[in-house]
**Student:** 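Before I ask anything, let me first share the structure, which is written out below as structure tokens.
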Amino acid sequence: MTVKVILNPYAGRWLALERKEQLESTLKEAKIDYELVVTNGPGHGIDLAKQAVEQGFNPVIAAGGDGTYSEVINGIVAANNNDGSVEFGVIPLGSANDLAENLNLPKEIPAAVGVIVGGYTRKMDLCQVNDRYFGNNAAIGLEPYITLIQQRIKRLKGSFRYLTATLLGVKDKPRWDMSLEWEGGSYEGPVTLVTVGNSPRTGGIFYMTPHADPFDGLLTFVYGFMPTRRRILSLLPRTMKPGEGSYVEHPQIHEVNTPWLKVSSIQPTPAHADGEVFAEQIHDLSYRVFPGCLPILMQEN
Ligand SMILES: [Mg+2]
């Protein structure tokens, strides 16, 4: 079987392109029968992954960051109708690599190639929001609200830009009135955020759904309403804590496990899936999980 490698050259601020040569020589040394293609812009990874599956490549490997993994997952699912027959792997070359970090996958190229050679897979859950699939996390409310502000700030760079966007977002104190419905429960009222996780970590440093497990067959989502700027700011550092002291311990923050979640928002909200804002103004969202539908190449432990 021939391995398809889909490399996003922009991942990790062009780091991925710099490491393409090392990746190819490592694949050759490992005697892997492979074909490597490079994406040319947003969304291209979906088409390339879909073609790869249709042409019989298996496994299909995403070399890049979380956005790249997400596109390749969507392409695989689009081609094989989500039947779990095609294996998925990652070569982490992005800046955050949340999915790789959450699954404890090696970040160095030789070790990541070793995982492909090893051929051991585990069947990971796959999540869906409306017609998009995601492997790691999807959210509405404050999270994508801040992402949109960040995308509009052109003058600043890196973490300073992110911090500025966060403070501007908190200053607006956005609030949505939503009704949420999930298996065995519901909520109707104001919310600041709704974040849905397959895995705990997102955005490199945030544990938005700290108890999410991509192998338990359930979505883990967190919702809450923080009525004041002071409250939002005091909880923000606690979103960076994976364990004790996490923001989900706050009595107004709720973490729920469920196979599905339906959301209806009176005010339009932006929405992201795996970090990509796919709607700037949306009212209705439907989330579900497909248990064990994505065989992912991992280290055998
Ligand atoms: Mg889960």
Side-chain angles (χ1 to χ4, degrees), residues 62 66-67 69-70 72-74 76-77 82-84 86-90 92 96-105 120-141 143-144 180-187 191 193-224 238-244 246-249 253-263 271-276 278 285-301:
D66 288 292
Y69 312 155
S70 196
V72 169
I73 288 172
N74 274 278
I76 290 175
V77 174
N82 199 8
D83 67 0
V86 175
E87 295 175 354
F88 167 69
V90 306
N97 303 311
D98 289 310
L99 185 68
E101 185 69 35
N102 283 320
L103 296 172
N104 205 14
L105 302 176
Y120 173 77
T121 60
R122 260 189 95 181
K123 290 184 171 175
M124 190 175 97
D125 302 336
L126 193 57
C127 303
Q128 191 182 33
V129 50
N130 294 359
D131 57 358
R132 284 182 82 96
Y133 291 84
F134 63 96
N136 199 53
N137 161 277
I140 52 177
E143 242 180 274
L180 313 180
E181 195 192 342
W182 61 91
E183 191 173 81
S186 65
Y187 167 84
V191 302
L193 65 89
V194 179
T195 184
V196 183
N198 198 29
S199 317
R201 200 187 82 173
T202 175
I205 49 172
F206 301 104
Y207 293 84
M208 298 311 291
T209 47
H211 302 99
D213 173 358
F215 300 102
D216 68 355
L218 295 168
L219 299 169
T220 299
F221 80 95
V222 170
Y223 72 97
R238 295 175 61 184
T239 61
M240 297 177 217
K241 291 192 174 179
E244 210 180 317
S246 159
Y247 81 118
V248 300
E249 292 172 9
I253 306 289
H254 309 277
E255 191 179 30
V256 180
N257 295 316
T258 176
W260 57 270
L261 167 70
K262 284 190 166 56
V263 178
H272 87 77
D274 281 338
E276 164 115 4
F278 64 90
L285 296 118
S286 178
Y287 299 85
R288 60 185 290 202
V289 63
F290 297 91
C293 267
L294 187 69
I296 180 161
L297 286 154
M298 294 183 68
Q299 275 168 315
E300 197 167 356
N301 46 19

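These figures come from a predicted structure and were not determined experimentally. Just so you know, ligand 1 is whichever comes first in the structure, and atom 1 is the first atom listed for that ligand.
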**Student:** Which single N/O/S atom of D213 lies at minimum distance from the Mg ion (ligand 1)?
**Tutor:**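 Nearest to the Mg ion (ligand 1) within D213's N, O and S set: O.
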**Student:** Can you say whether the rings of F290 and Y133 are parallel (under 30°), tilted (30 to 60°) or perpendicular (over 60°)?
**Tutor:**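 F290 vs Y133 ring planes: tilted.
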**Student:** Is R201 positioned over the aromatic face of F206, cation under 6.0 angstrom from the ring centre and no more than 45 degrees off axis?
**Tutor:**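 Ring-cation test returns no.
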**Student:** Name whichever N, O or S atom of D216 ends up nearest to the Mg ion (ligand 1).
**Tutor:**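 Checking each N, O and S atom of D216, the shortest distance to the Mg ion (ligand 1) belongs to OD1.
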**Student:** Is the Y223 to Y187 ring centre distance short of 6.0 Å?
**Tutor:**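 Centroid distance Y223-Y187: below 6.0 Å, so yes.
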**Student:** Are W182 and F221, when compared by the centres of their aromatic rings, separated by less than 6.0 Å?
**Tutor:**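 Ring centroids of W182 and F221 are less than 6.0 Å from each other.
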**Student:** Short check: any N/O/S atom of A212 below 2.8 Å from the Mg ion (ligand 1)?
**Tutor:**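 False for A212.
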